[in-house]
Amino acid sequence: MKIKEILAKVAKGEALTDAEKEFLTKYEEPKPDASKVTQLEQEKADLANQLKTFQDKESEREAEALKNKPEVDQLRAQLSTANETIKTLTKERDTARTEKVELERDNSIRAIASDSKFKNFEFLKFNLTGAKVDLTNKEAVKAHMEQLRKDNPELFSAEVNGGGGGSNTGNNGGGGVVSNTKYEEAKKTGDIGSMLANAPEAK
C-alpha cells in the first residue's frame with residue numbers, strides 16, 4: 001500500500017477501506033537521509049568558498065592593474081619619445097649624408113675649376129650637372145672641359161706667359177678680352193643667365 005494511492009483516492013472523494021484508514025493513522029513521514037544532507041551542505045559550502053576565492057583573486061588583479069597603471073603609462077610615453085627620437089636622428093643622419101655627398105661634389109667641381117682655370121664655380125657646377133658628367137671619370141671630365149673651353153673661352157682665365165708685356169684685358173692692348181660691366185656684375189652675384197647673355201666675346 002502506498003501513501004500516494006490513498007491520497008489520490010481522497011482527492012477524488014472515494015471511500016477508503018478500513019485498512020487504508022488504519023494505514024493513514026499510523027503513517028509517518030520518512031526522515032531525510034542525514035548523511036546525504038550533510039554531503040549536499042558540504043558541497044554548497046565548497047562552492048561558496050571557491051566563488052569567494054575567485055572573487056578575491058579578481059579583486060587583486062584589478063587592484064594590481066590600477067597600481068601598475070602609472071608605470072605602464074610612463075613606459076608608453078617613454079616608448080613614444082624614443083620613437084620620435086629615432087625618427088629625428090634618422091632624418092638628421094640622412095640629411096648629413098646628403099650634405100656630405102653635395103660637399104664632396106662641390107669640392108670635386110672646385111678642383112676641376114682650379115685645374116682648368118675656370119672662372120665661375122657656380123656656372124661650372126650648373127653646367128656639369130646639366131650635362132650629367134661623371135666626376136669620377138677623369139677622361140669624361142677632361143673631354144667636357146676641353147669642349148667647354150672651345151665653346152666659351154671667355155669663361156677661362158688666360159694663360160700668362162713668363163715674358164709677357166703687360167695686361168691683355170680692357171683697352172690696354174690688342175688681342176685681349178673686352179671688359180663687360182654687366183658680365184662682371186653677373187659673375188659676382190652668380191647670375192648664370194646674365195653671365196651667358198652678357199659673356200664678352202674674344203677679340
Side-chain angles (χ1 to χ4, degrees), residues 64-203:
E64 189 68 19
L66 292 174
K67 177 182 177 181
N68 294 332
K69 188 176 185 302
E71 295 180 5
V72 173
D73 291 342
Q74 183 179 3
L75 289 175
R76 286 176 177 171
Q78 290 175 347
L79 179 60
S80 177
T81 301
N83 287 335
E84 290 301 321
T85 301
I86 291 173
K87 289 180 181 179
T88 300
L89 292 176
T90 300
K91 184 177 180 180
E92 291 177 352
R93 180 203 63 191
D94 293 343
T95 299
R97 285 179 177 175
T98 301
E99 291 176 349
K100 181 175 181 291
V101 170
E102 292 179 352
L103 180 60
E104 290 175 346
R105 178 176 174 78
D106 285 354
N107 288 338
S108 297
I109 295 174
R110 290 184 193 280
I112 293 170
S114 177
D115 293 342
S116 303
K117 293 182 171 55
F118 195 86
K119 296 178 180 180
N120 190 283
F121 161 75
E122 292 296 337
F123 176 79
L124 184 58
K125 179 179 178 181
F126 170 80
N127 180 268
L128 291 171
T129 301
K132 298 181 179 179
V133 178
D134 181 4
L135 302 185
T136 62
N137 188 331
K138 294 183 179 180
E139 293 300 321
V141 171
K142 180 180 178 181
H144 181 83
M145 294 306 294
E146 289 177 351
Q147 186 62 46
L148 187 59
R149 184 184 290 274
K150 290 180 182 179
D151 296 339
N152 301 279
E154 72 279 0
L155 300 179
F156 292 79
S157 297
E159 295 290 342
V160 179
N161 295 323
S167 172
N168 289 327
T169 60
N171 297 319
N172 295 328
V177 178
V178 178
S179 175
N180 188 315
T181 304
K182 291 184 179 180
Y183 173 79
E184 294 297 331
E185 291 178 353
K187 185 170 70 171
K188 291 179 181 179
T189 60
D191 187 342
I192 296 173
S194 295
M195 286 176 62
L196 294 176
N198 299 287
E201 297 180 359
K203 300 295 183 179

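The shortest heavy-atom contact between R149 and S116 is NH2-O, 2.8 Å. Between D106 and F121, the shortest heavy-atom distance links the atoms O-CE1, 3.5 Å. Residues I109 and L135 share a closest heavy-atom pair of CG1-CD1, 3.8 Å. Between K119 and E154, the shortest heavy-atom contact is NZ-O, 3.2 Å.
We find that K100 and E104 are joined by a salt bridge, their nearest charged nitrogen and carboxylate oxygen being less than 4.0 Å apart.
Taking CD of E102 as the reference point, atom OG1 of T95 lies at 10.0 Å (rounded to 0.5 Å). Atoms CD and NZ, from E139 and K142 in turn, are 6.0 Å apart once rounded to the nearest 0.5 Å. Here R105 contributes atom CZ and K125 contributes atom NZ; the two are 8.0 Å apart, rounded to the nearest 0.5 Å. Note that CG of N107 and OG of S114 are 12.0 Å apart. Values are rounded to the nearest 0.5 Å. Taken from CG in L128 to CZ in F123, the straight-line distance is 9.5 Å, to the nearest 0.5 Å.
Ring pair F118/F156 is perpendicular by interplanar angle, where above 60° counts as perpendicular and below 30° as parallel.
The side-chain heavy atoms of E84 and T81, taken from C-beta on, include no pair separated by under 4.5 Å. In this structure, the side chains of N127 and H144 come closer than 4.5 Å at one or more pairs of heavy atoms. In this structure the side chain of L124 never reaches within 4.5 angstrom of the side chain of N120, judged on heavy atoms.
More than 12 heavy atoms of other shown residues, nucleotides or ligands fall within 6.0 angstrom of atom CZ in R93.
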Item to complete: Report the C-alpha distance between L89 and E92 in whole Å, list the side-chain angles of each, state the deciding distance to 0.1 Å, and finish with yes or no for side chain to side chain contact (heavy atoms under 4.5 Å, CB included).
Response: CA-CA 5 Å; L89 292 176; E92 291 177 352; 3.8 Å; yes
